[in-house]
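Taking it in order: structure first as structure tokens, then the write-up.
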2 protein chains.
Amino acid sequence: MPNTVINTMEEIEEILEERGVRPTTMRLLIYKFLSEKRVALSLKDLENKFDRSDRTTLFRTLKTFEDKGIVHQIDDGSGVNKYAVCALECNCEIENDLHLHFHCNTCNETTCLTDHKIPQISLPAGYSAENVNLVVKGVCEKCS
Amino acid sequence: MPNTVINTMEEIEEILEERGVRPTTMRLLIYKFLSEKRVALSLKDLENKFDRSDRTTLFRTLKTFEDKGIVHQIDDGSGVNKYAVCALECNCEIENDLHLHFHCNTCNETTCLTDHKIPQISLPAGYSAENVNLVVKGVCEKCS
DNA sequence: AAATGAGATGCAACAGAAGTGCATTCTTTT
DNA sequence: AAAAGAATGCACTTCTGTTGCATCTCATTT
């Protein structure tokens with residue numbers, strides 16, 4: 001979830017270290033960029049922003065962040081993976097952090113609607129859920 | 001949705017013609033194959049089945065079917081697009097055909113749970129929904 | 001401070017899926 | 001049968017994601 005709070009570099013450094021990620025300059029900048037955006041970002045978005053850094057570095061940074069629970073990946077159906085920083089309490093667990101995502105067909109932006117939890121879903125007998133992905137597509141506030 | 005009913009070739013021919021799709025031999029076979037499967041199929045699945053036909057033909061057949069409302073596309077988060085034949089009454093409209101999809105992490109199969117409609121979702125002011133995609137991941141009946 | 005070593009970064013190359021242009025073949029219509 | 005239009009097949013391109021390996025950076029140890 002994109003934080004509305006802007007973190008200082010010192011705070012970001014703490015966040016990364018808490019999760020066992022070495023706070024390099026690039027990682028701090030990438031985290032800062034992600035956390036300032038209200039929307040989920042793709043690798044391409046990072047490439048455009050950090051054009052002096054290599055694709056691979058950005059790619060691996062996202063993977064590292066994901067592995068360590070710093071960002072979560074979003075599949076909004078656009079065909080490219082997007083990422084948003086997790087809320088503080090978020091453990092990306094099925095019980096407590098399954099919010100829905102809204103994908104705007106006009107501006108192509110994907111927003112985390114953290115306040116909108118996914119309703120309880122009943123499954124047929126024999127099926128067990130581990131994860132739920134709910135993406136609503138339409139027109140966002142900005143574009144309507 | 002994969003029909004449980006097996007259609008005769010004559011019936012399939014009617015279905016295609018009703019939708020304005022010329023019922024060529026390949027298209028009949030592809031529809032038949034799709035409709036006999038309980039699960040959504042990828043382009044690769046069709047390639048494996050119809051190895052004497054060209055990828056492009058299969059690709060374009062799926063696109064044509066999708067455009068004409070004969071199949072619906074499913075993004076189950078596996079990274080590849082999958083397709084399943086629509087139910088008879090399905091117009092892929094938000095009001096009446098939004099069922100959920102279940103993706104099994106073990107067998108990698110995606111099933112349409114047509115009986116499980118997507119619950120009503122409330123959106124913040126200014127947002128309007130055109131489409132909803134709900135994929136539950138976990139372990140299916142067969143694999144549990 | 002210099003050496004060491006682990007981790008981070010950059011470059012190149014690859015893999016898989018999706019998509020397009022064009023020539024050829026098939027079907028339907030006249 | 002000829003013509004027109006649609007379907008198919010082949011080759012090629014693009015885009016995203018991914019990996020291997022060499023190099024660089026930084027923290028730690030001596």
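Quick note: numbers below take in every heavy atom, side chains included, and nothing from hydrogens, waters or symmetry partners. Residue numbers start from 1 in every chain, and the chains themselves are labelled A, B, ... in the order their sequence lines are given, proteins ahead of strands. It should be emphasised that the depicted structure is a prediction, and the values quoted were computed from it without experimental measurement.
Side-chain contact between A:Leu28 and A:Glu10 is absent, with no heavy-atom pair separated by less than 4.5 Å.
Proximity of A:Lys63 to the phosphate of D:dT18: a side-chain N or O atom is located under 4.0 Å from OP1 or OP2. Residue A:Thr24 places none of its side-chain N or O atoms closer than 4.0 Å to OP1 or OP2 of D:dT25. In this structure, B:Lys44 reaches the C:dA17 phosphate: one of its side-chain N or O atoms is under 4.0 Å from OP1 or OP2.
In the set D:dT18, C:dT9, C:dC11, C:dT9 carries the atom at the smallest distance from any side-chain atom of A:Thr61.
Residue A:Arg27 is the one, among A:Arg27 and B:Arg60, whose nearest nucleotide of DNA chain C lies closer to the 5' end (criterion: closest heavy atom). Residue whose closest nucleotide on DNA chain D sits further toward the 5' end, between B:Thr56 and B:Arg22: B:Arg22. Sequence order on DNA chain D of the closest nucleotides to B:Val21 and A:Asn81 puts B:Val21 first from the 5' end.
No hydrogens or angles considered: a donor-acceptor pair under 3.5 Å links the side chains of A:Asp45 and A:Ser42.
Within 4.0 Å (heavy atoms only), B:Ser53 reaches sugar-phosphate atoms of the nucleic acid but no base atom.
Rounded to an integer number of Å, the gap from CD of A:Glu13 to P of D:dC26 is 13 Å. Between the P atom of D:dA6 and the CG atom of B:Leu16 lies a distance of 17 Å, rounded to the nearest Å. C:dA8 atom P lies 15 Å from atom CG of A:Leu58, rounded to whole Å. Whole-Å rounding puts the A:Asp45 CG to D:dT16 C1' distance at 13 Å. Rounded to whole Å, atom P of C:dA13 lies 19 Å from atom CZ of A:Phe59. Separating the CG atom of B:Asp67 from the P atom of D:dA7 is a distance of 12 Å, rounded to the nearest angstrom. Distance CE (B:Met26) to P (D:dA7): 14 Å, rounded to an integer number of Å. Summarising the geometry, the separation between CD1 on B:Ile30 and P on D:dT8 is reported as 7 Å, rounded to the nearest angstrom.
Side-chain rings of A:Tyr127 and B:Phe102 approach one another, their centers coming within less than 6.0 Å.
Contact annotation: side chain of B:Arg55 to base of C:dA18, donor-acceptor pair present below 3.5 Å.
Checked for salt-bridge contact, B:Lys137 and A:Glu130 miss the test: no charged N lies under 4.0 Å from a carboxylate O.
When the options B:His103, B:Lys142, B:Lys82, B:Lys37 are evaluated for a side chain to side chain donor-acceptor pair (under 3.5 Å) with B:Glu109, the one that passes is B:Lys142.
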